[in-house]
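Residue numbering restarts at 1 for every chain, and letters A, B, ... go by the order of the sequence lines.
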Number of protein chains: 2
Amino acid sequence: MKSYERLLEHNIKPSMQRIAIMEYLMDNPIHPSADDIYTALSPSMPTLSKTTVYNTLKLFSEQGAALMLTIDEKNTNFDADTSVHSHFLCRRCGHIYDLKCPEAIKQVENVDMDGHQVSEVHYYYKGICKNCLSKDKETRID
Amino acid sequence: MKSYERLLEHNIKPSMQRIAIMEYLMDNPIHPSADDIYTALSPSMPTLSKTTVYNTLKLFSEQGAALMLTIDEKNTNFDADTSVHSHFLCRRCGHIYDLKCPEAIKQVENVDMDGHQVSEVHYYYKGICKNCLSKDKETRID
DNA sequence: GTGCTTGCAAATCGTTTGCAATAGC
DNA sequence: GCTATTGCAAACGATTTGCAAGCAC
């Protein structure tokens, strides 16, 4: 069970709840919010509380086991993929896409940060996603 | 008066409140929150309401006259400098620093965005700032 | 049984909404 | 006078807190 090992790797003591939340994050790379996770797990874990979801996600991000994304002004979103990559938020449909981090950027970390010690990097892009763009084309009257 | 012209440039009809808020943003490039701005202006504008500050900042960011930063999970911060640059948040003191956007990154926009139409770019770094680092050194017992 | 984890209910707080009062052309 | 802007009070909603109960070693 991958999620279990993932917790150990990040010095997080496993519990039923923690395993379930990590598993959900790893199996559903859709950048869910705390509420999304609670709603998804609640049916199969009726005693799960939202507080536990919040506590657990906070723990994960502190331990580096998940990324806390603040790309969407309305919600905090979570990502089990902690490798260096960028995110794109569609202003129309609200989806968050993963983007390869452009090669040019990868070199940049820890270089020329003006003396600050960097431990987290977030590259956010916002606009209209290609799916919403193509819907525009379909319905346009030329 | 610079802030007045700035509003016109972005098709924002000037008003006392809008001018004051833009002026505060331009004169205080400390990435204030809505509440910071309200608190700062309130003494000299006793009838100013927080609602107006929120409405105005929303308008500014929609019109491209200011950036809405979501680097800090707790607060939304605003920046009158809309040129391409990065931000660094110190986890210890909470300050947000402007950073030159590394040359390598500047080229990247609108390139290889996987077909998505990008209208906003946010580069966020988090960690411990150089000032907090040097305080650590002073008090360390070697 | 000690300490960590969980979960409920209540509180918090930044932000938004509804709507009436006001200002500007 | 008509339209946009402002501001108050109330609502909202995501997240946090206090604390009691449960679990694990």
What is the separation between atom [atom1] on [X] and atom [atom2] on [N], rounded to the nearest whole Å?
X: D72(B); N: dG14(C); atom1: CG; atom2: C1'; answer: 12 Å
X: L57(B); N: dT6(D); atom1: CG; atom2: C1'; answer: 15 Å
X: D36(B); N: dC13(C); atom1: CG; atom2: C1'; answer: 14 Å
X: L48(B); N: dT5(D); atom1: CG; atom2: P; answer: 16 Å
X: I19(A); N: dT5(C); atom1: CD1; atom2: P; answer: 13 Å
X: I21(B); N: dT5(D); atom1: CD1; atom2: C1'; answer: 12 Å
X: Y38(B); N: dT6(D); atom1: OH; atom2: C1'; answer: 13 Å

Might you list the N or O atoms of the protein lying below 3.5 Å from N or O atoms in nucleotides 18-24 of chain D, with each pair's distance?
none

From dA4(D), dT17(D), dT17(C), pick the nucleotide closest to the side chain of N55(B)?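 Closest nucleotide among those given: dT17(C).
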
Among all residues two or more places apart in sequence or in another chain, which pass the side chain to side chain contact (heavy atoms under 4.5 Å, CB included) test with T47(B)?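 Result, side chain to side chain contact (heavy atoms under 4.5 Å, CB included) vs T47(B): none returned.
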
Test side chain to side chain donor-acceptor pair (under 3.5 Å) applied to [X] - qualifying residues, sequence neighbours left out:
X: N131(B); answer: Y97(B)
X: T52(A); answer: S49(A)
X: Y38(A); answer: none
X: Y54(A); answer: none

Determine all donor-acceptor pairs shorter than 3.5 Å in which one atom belongs to a side chain in residues 29-36 of chain A; sequence neighbours excluded.
| from | atom 1 | to | atom 2 | distance (Å) |
| --- | --- | --- | --- | --- |
| H31(A) | ND1 | I96(A) | O | 3.3 |
| H31(A) | NE2 | D79(A) | OD2 | 3.4 |
| H31(A) | NE2 | D98(A) | OD1 | 3.0 |
| H31(A) | NE2 | D98(A) | OD2 | 3.4 |
| S33(A) | OG | D35(A) | N | 3.4 |
| S33(A) | OG | D36(A) | N | 3.1 |
| S33(A) | OG | D36(A) | OD1 | 3.4 |
| S33(A) | OG | D36(A) | OD2 | 3.1 |
| D35(A) | OD1 | K50(A) | NZ | 2.6 |
| D36(A) | OD2 | S33(A) | N | 2.9 |

K13(A) vs K58(B), nearer the 5' end of DNA chain C by closest nucleotide: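 So the residue in question is K13(A).
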
Residues which pass salt bridge (Lys or Arg N to Asp or Glu O under 4.0 Å) with K130(A), listed by chain and number, not counting sequence neighbours: D114(B)

Using a cut-off of under 3.5 Å, enumerate the N/O to N/O pairs linking the protein to nucleotides 23-25 of chain C.
none

Please output the side-chain donor-acceptor pairs of residues 59-66 of chain A that fall under 3.5 Å, not counting sequence neighbours, one pair per line with the distance.
| from | atom 1 | to | atom 2 | distance (Å) |
| --- | --- | --- | --- | --- |
| S61(A) | OG | K58(A) | O | 3.1 |
| Q63(A) | NE2 | H10(A) | O | 3.0 |

I need the full list of salt bridge (charged side-chain N to carboxylate O under 4.0 Å, His left out) pairs touching residues 82-97 of chain B, with sequence neighbours left out, sorted by first then second residue. E120(A)-R91(B), E73(B)-R91(B), R92(B)-D136(B)

Please classify the nucleic acid contact of T52(A) as base, sugar-phosphate, or nothing, using heavy-atom distances under 4.0 Å.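 Base, at least one base heavy atom under 4.0 Å.
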
Please tabulate, one pair per line, each protein N/O and nucleotide N/O from nucleotides 12-15 of chain D that are separated by under 3.5 Å, including the distance.
| from | atom 1 | to | atom 2 | distance (Å) |
| --- | --- | --- | --- | --- |
| dT15(D) | OP1 | T76(A) | N | 3.3 |
| dT15(D) | OP1 | T76(A) | OG1 | 2.9 |
| dT15(D) | OP2 | Y54(A) | OH | 2.6 |

Kindly say whether Y123(B) contributes a backbone atom to a donor-acceptor pair with the side chain of S86(B) at under 3.5 angstrom?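 Here the side-chain-to-backbone pair does not exist.
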
Within less than 4.0 Å of OP1 or OP2 of dG7(C), is there a side-chain N or O belonging to T47(A)?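 Checking dG7(C) against T47(A), a side-chain N or O does come within under 4.0 Å of OP1 or OP2.
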
Determine, step by step, whether I37(A) and N28(A) satisfy the side chain to side chain contact (heavy atoms under 4.5 Å, CB included) criterion, reporting the C-alpha distance in whole Å, the side-chain angles of both residues, the deciding distance to 0.1 Å, and the verdict. CA-CA 10 Å; I37(A) 296 169; N28(A) 299 275; over 6 Å; no

